[in-house]
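As the structure is a computational prediction, the values presented were derived from the model and not from experiment.
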Amino acid sequence: MPELPEVETTRRGIAPLIEGKAVSAVIVRQPRLRWDIPSLDHLPGESVRTVSRRAKYLLIGFDSGTLIIHLGMSGSLRFLPADSPPDRHDHFELQFGRHALRLRDPRRFGAVLWSAEPPTEHKLIRALGPEPLSQDFHADYLYQQARRRRLPIKQLLMNNGVVVGVGNIYATESLFQAGIHPARACNRISRARLESLVENIKEILARAIQQGGTTLRDFQHEDGKPGYFQQQLHVYGRVGEPCSTCGTTIKAKQIGQRTSAWCPQCQR
DNA sequence: CTAATTCCCTGGAAGC
DNA sequence: TGCTTCCAGGGAATTA
């Protein structure tokens with residue numbers, strides 16, 4: 001599923017293709033995504049001004065407002081000839097003359113929304129925590145967030161009000177790298193260990209984005225290969241296999257309705 | 001306020 | 001081979 005690195009890779013891929021281009025048509029084949037796709041009848045004739053990202057939301061800025069796209073769990077965007085035949089899961093597209101930016105989303109957990117106000121004021125975006133790769137996400141900040149709560153550290157990381165863009169894969173992997181048990185109460189972790197956790201999150205995400213960038217040149221021809229396929233996963237999806245560090249069998253259990261994997265030897 | 005639970009949806013894997 | 005069942009997963013909405 002698209003994690004933050006994949007969304008950022010998508011942003012970098014589509015930005016140079018659509019910035020400055022005028023929308024010629026909007027096509028909605030299946031409006032029922034997570035929420036119904038709103039009417040975008042006013043868009044044709046308007047030009048794309050910016051292509052940015054906040055958390056896992058892609059923000060396509062126009063003079064009259066912002067198109068907000070979330071890829072959910074199975075969404076992908078491609079830029080291709082407008083006359084290429086759509087797949088049955090190709091629900092939405094913006095056409096730019098002979099090309100189209102097309103959204104495919106088999107599981108329809110994604111979203112296409114419109115915000116007439118600045119996107120920072122939008123209901124879904126206003127209350128989000130800092131970007132993990134920004135300077136606002138640092139050890140002191142995470143320590144302050146952690147000390148007044150007691151839930152498992154993994155759930156704290158996956159709370160978008162605390163930090164955005166850290167999904168199950170990256171939470172699982174960064175906790176392994178930092179040697180922290182995913183179920184450990186977040187207020188019972190030292191500042192020093194949280195500092196290590198912050199560093200690991202940044203490092204792992206940055207590397208995934210960098211690797212996503214290497215597939216960018218193929219962007220127009222196929223879905224960007226998710227960065228985590230190239231990145232070595234140490235615990236995620238490796239339940240029952242030996243730990244790459246110590247050989248202990250990787251365990252898993254549900255933490256906050258999500259499967260969490262960890263090495264019982266390396267993570268405390 | 002924090003925390004826990006429910007719900008949306010379908011492809012793919014596993015079981016029969 | 002074909003059918004059925006189960007599971008994953010982001011994150012908003014709802015409930016406690």
Side-chain angles (χ1 to χ4, degrees), chain A residues 1-11 28-38 53-59 68-77 86-92 103-115 119 121-132 142-175 182-188 201 205 208 223 226-229 233 235-241 250 252-261:
Chain A
M1 76 301 319
E3 296 265 353
L4 184 139
E6 289 71 53
V7 178
E8 176 60 19
T9 297
T10 298
R11 186 195 70 77
V28 178
R29 297 192 180 84
Q30 164 60 275
R32 298 198 50 188
L33 302 186
R34 170 136 204 206
W35 297 281
D36 282 9
I37 298 176
R53 177 186 63 74
R54 176 72 174 101
K56 293 181 187 173
Y57 295 98
L58 280 166
L59 308 174
I68 300 174
I69 298 177
H70 196 292
L71 299 177
M73 295 204 35
S74 59
S76 61
L77 281 170
D87 174 87
R88 74 186 177 104
H89 298 300
D90 288 344
H91 306 312
F92 172 83
L103 174 68
R104 176 175 300 179
D105 187 4
R107 296 185 193 179
R108 287 160 50 199
F109 271 31
V112 174
L113 300 168
W114 179 257
S115 176
E121 306 299 315
H122 191 274
K123 183 182 169 191
L124 297 180
I125 292 177
R126 203 173 30 200
L128 293 174
E131 289 287 324
L142 189 60
Y143 179 60
Q144 292 305 325
Q145 292 291 320
R147 65 185 299 183
R148 63 190 171 89
R149 286 180 253 226
R150 63 181 70 178
L151 80 174
I153 181 63
K154 178 155 178 281
Q155 288 186 259
L156 186 77
L157 291 182
M158 293 179 68
N159 179 343
N160 278 334
V162 174
V163 61
V164 301
V166 182
N168 202 24
I169 293 174
Y170 291 107
T172 297
E173 289 295 311
S174 57
L175 285 164
R184 173 166 286 272
C186 62
N187 62 347
R188 298 192 57 198
I201 290 169
L205 286 174
D223 294 358
Y228 58 80
F229 280 160
L233 296 180
V235 281
Y236 181 89
R238 295 199 56 233
V239 179
E241 296 176 33
I250 301 298
K253 73 166 184 174
Q254 297 289 115
I255 299 176
Q257 319 298 104
R258 289 287 180 269
T259 300
S260 210

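A donor-acceptor pair under 3.5 Å links the side-chain atoms of A/Glu173 to the main chain of A/Val235, judged by distance alone.
Side-chain contact check for A/Ser260 versus A/Arg258: every heavy-atom pair is 4.5 Å or farther apart.
The phosphate of C/dA12 has OP1 or OP2 within less than 4.0 Å of a side-chain N or O from A/Tyr57. Residue A/Thr259 has a polar side-chain atom (N or O) positioned under 4.0 Å from OP1 or OP2 of C/dA8. Taking only side-chain nitrogens and oxygens, A/Lys123 comes nearer than 4.0 Å to OP1 or OP2 of C/dA13. Contact check, A/His89 against B/dG11: a side-chain N or O comes under 4.0 Å of OP1 or OP2. Within the structure, every side-chain polar atom (N or O) of A/His70 is placed at least 4.0 Å from both OP1 and OP2 of C/dG10. At B/dT2, one or more side-chain N or O atoms of A/Arg148 fall inside 4.0 Å of OP1 or OP2 (strictly under the cut-off).
A straight line from CZ of A/Arg108 to P of B/dC7 spans 18 Å, rounded to a whole angstrom. Between the CE atom of A/Met73 and the C1' atom of B/dC7 there is a distance of 14 Å, rounded to whole Å. When the P atom of C/dG10 is taken as reference, atom CG of A/Leu33 falls 18 Å away, rounded to whole Å. The nearest whole Å value for the distance from the CG atom in A/Asn160 to the P atom in C/dG11 is 5 Å. A straight line from CG of A/Asn159 to P of B/dA3 spans 9 Å, rounded to a whole angstrom. Distance, A/Asn168 CG to C/dA8 P: 10 Å, rounded to whole Å. Taking atom NZ of residue A/Lys154 and atom P of nucleotide B/dA3, one finds them 16 Å apart after rounding to whole Å. The CD-P distance, from A/Gln155 to C/dG10, rounds to 13 Å in whole Å.
A/Arg34 comes within contact range of at least one nucleobase, with a heavy-atom separation under 4.0 Å.
Each of A/Arg150 and A/Phe109 lies near DNA chain B, and the nucleotide nearest A/Arg150 is the one positioned closer to the 5' end. Sequence order on DNA chain C of the closest nucleotides to A/Arg107 and A/Leu124 puts A/Arg107 first from the 5' end. Residue order along DNA chain B, read from the 5' end via each residue's closest nucleotide, puts A/Leu156 first among A/Arg32 and A/Leu156.
The CZ atom of A/Arg104 lies 4.5 Å from the CG atom of A/Asp90; values are rounded to the nearest 0.5 Å. Considering NE2 of A/His91 and CZ of A/Arg32, their distance stands at 11.5 Å, rounded to 0.5 Å. Rounded to the nearest 0.5 Å, atoms CZ (A/Arg88) and CZ (A/Arg29) are 14.0 Å apart.
Among the nucleotides B/dT6, B/dG11, C/dA12, the one closest to any side-chain atom of A/Gln257 is B/dT6.
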